[in-house]
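Take a look at the structure set out below.
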Amino acid sequence: MWDRLAASDPGLLRLTAGLRTVSAIALTLVVLAVLRFPVPQLVAGAIAAMAATFAIREKQRPRQAVTLALGLPVALASVSLGAYLNQRVLVGDLFFVVLIFGAVYGRRFGDRGTALGLVGFQVYFLSLFVGAAPAALPALYVVITVAFGCAALARFVLLPQTPAGTLDRLRRAFRARLGQLFATQLELLDAGPDDADKVLRELRTRTARLHETALMIQGRLADGTADEAAARLLQRRIADAEIAAERLGLLLLTARSAERTDTLTLHLPGAHLPSGGELPVRDGATGQLRRDLAALRLLAMRPAGEASGTALAHLRNRLLGYREEENLPQASPAVQDVFRGVGEAGRAVLGLRIALDGPQDESDDTPATARSREELDAEDVGIEVSEEDEAKPEPTGLGRPTTRAAVQVAVGSALAIAGGELLSSQRWYWAVLTCWIVFINTASTGEILVKGYRRLLGTVLGVVAGIGLAALVGNHAWTAFALVLLFVFTMFYTAPLSYTLMSFFVTAMLGLLYTLLNTYSLSVLVLRVEETALGAACGVIAAAVVLPIHTDRRTNDLLVDVLERLAEVTRSAADQLSGGAPADLVDKARELDQALADLRAATQPLTHPVTPLRSRRDTARYVMALLETCAYHARSLAATAELLPTHPSMAADPRLRTVGRRIVRNIESIAARVADPRTAAALETGPSIASLLEPGTPRSPRYGRVTDRVLRHLQRLDESVSGLGRPLGVAPEPRVR
């Protein structure tokens, strides 16, 4: 059960965020109740504690403490200004707009600027929500100070979170998700024709989740490891395990099919398993393969400290033995490839176990296992600490994203204030809050439109729930506070998963808070929906009119960035595989993955289920699937090239340079066409990559197997890049007859 929790919530980040916020609020309520503060000030304390907790985003505890200490005077100043400007409509509205501009502009100063801006905005909102007046300021100062103190106690004492501890939990999550992926591959092995597509969807989902966890680990390596050498070792072992697991899934798909499965099958939503039915039973190896996949899952999930005796050593030795040709069972070539994939996955799991758990007992090693250890040791010695990349010049003025967003939010908030006060002179600030929130973590008009729609849907559903809860709770204040704590936890726990769910819990919680403040009524909750719709509309209007970043422009910019990084990884890997100078390929591959993740997030408005442009949605999904396929093959080439200097069974092949350069030129042609549609670009064609090694070419079996794998990745990458040309308007160059 713990492994399932670790897999569903990598690093337990959502669980920790929810528990920490609930703890801070509960402590605040207890302290204020002991001090006999009235219910309205308990509500203010709960909101202040929540703001003081979720606003802090820094990873280092000393920096968190400094930001929290700076947040207290910001909060006191904000509530003071709110109390004095509440009755001065015009001046108060103008100041609110200026405050919003400053809070968003502060993001350019990093996590601390973002946190202080959030605190200032949320506490000013608090003053409006509870109707703060100058006479109530001394009590509110005590309430906010208590809230910040309880937030500090929850963060640093009750639920401390260190970078090293978070990284350790992320590594456990990677292990759990790796084991789940192997379990799904085992299901694929046994699935009948009727269940194959369902298992394929699960395989696709779990492969993506494993990749997501690898990216999360990448973002925590610098803070969570003792030195850069340890970070790079873990980075390499995580990448090896991810690539080996994905490759094993593709080999299984191919073995189940009548012909070789296109890699796109694993990345394109809605793609079906090619015809061919089930794994050939006549090979007599299905039972053995089932046993070995179960053993691989066990090795992936069992830490070295929990292993005893020789059973796991026996499993490990058997799996690593498949890396030797003489140990492969009698089966069809496709099934033998699966066993080779099991052996390579076993080697990756062995490297991961050593990186995570340290040196292990070698007394039961077979010769095949000993050779795998020697390869891993040689790779570890060859790891070099990379130099910092040169920072790219940032845009200035209105070209800076934070400045543009600050101007847009300020204009949208001004519209929301004007419209909100027409709806209600008392609760107009709900429209402003919605306008503010739809701009958080969005960068294009389409993203803001989708986020506004999700918030409105969650709000409508939350109003319905709030009506029922308010009737059930009645005048039972502490029952209402208990439900508020429950909703706060679920709000933070579901926020990264579903913005609609988060909005639902927020609105249901607000219904309870209104009940506590004796201001609940059906008309208030209906007004909440109206103000939310107005705020979302104002946000969309501001994003579309003021310094707009259209979805097409943003996705094109990010697509060009992905293609440039793909070209860089391919060029560096091909050069190194051809005998060129070594490069920092793992970092380049992870930069490609991060650029692809940014593009995937930006295309959500295009691929959203309710989009009316169905053909455009299908094209966007197809392009994303092709890019993910390209990234997989580029990662695999990079991982293989990284092994070249130290691997005893690999040698450079100068023939790969020509093919690599042709693929890179085609990627650059597509990028140039996306950046400027007027560019005349065409895809360069050439002979099949497989023809580089003719059947009669003499080669040793060990060198040939590695070379065949490289050629297979290059061939698939070449095909995927050619496939990208069609939807992006780049045709192959005409052949000269």
Result of checking L181, T205, I238 against L210 for side-chain contact (heavy atoms from CB on, under 4.5 Å): L181
Result of checking L90, V91, V98, V97 against L94 for side-chain contact (heavy atoms from CB on, under 4.5 Å): L90
What residues form a side chain to side chain donor-acceptor pair (under 3.5 Å) with [X], not counting sequence neighbours?
| X | answer |
| --- | --- |
| T67 | E58, R112 |
| R177 | E212, T213 |
| Y493 | none |

Would you mind reporting whether [Y] and [X] have side-chain heavy atoms less than 4.5 Å apart?
| X | Y | result |
| --- | --- | --- |
| M491 | T21 | no |
| L158 | L27 | yes |
| F174 | L356 | no |
| V79 | Y141 | yes |
| Q64 | Q161 | no |

Verdict with reasoning, L423 to W430, per side chain to side chain contact (heavy atoms under 4.5 Å, CB included): CA-CA 11 Å; L423 287 175; W430 288 122; over 6 Å; no
Ring centres under 6.0 angstrom apart (F95, Y124): yes
Pairs involving residues 13-28, ordered by first then second residue, that meet salt bridge (Lys or Arg N to Asp or Glu O under 4.0 Å) (sequence neighbours left out): D9-R14
Residues which pass side chain to side chain contact (heavy atoms under 4.5 Å, CB included) with A51, listed by chain and number, not counting sequence neighbours: F54, Q122
Under the side chain to side chain contact (heavy atoms under 4.5 Å, CB included) test, residues paired with T507 that sit two or more places apart: T459, V463, R528
Over all atoms of both residues, closest heavy-atom pair of V473 and A480: CG1-CB, 3.6 Å
Salt bridge (charged side-chain N to carboxylate O under 4.0 Å, His left out) assessment of R63 paired with D223: CA-CA 13 Å; R63 293 186 60 82; D223 294 318; over 6 Å; no
F37, CZ atom: more than 12 neighbouring heavy atoms under 6.0 Å: yes
Enclosure of Q60 CD (heavy-atom neighbours >12, cutoff 6.0 Å): yes
F109 and Y105 aromatic ring geometry - parallel, tilted or perpendicular at 30°/60° bounds: perpendicular
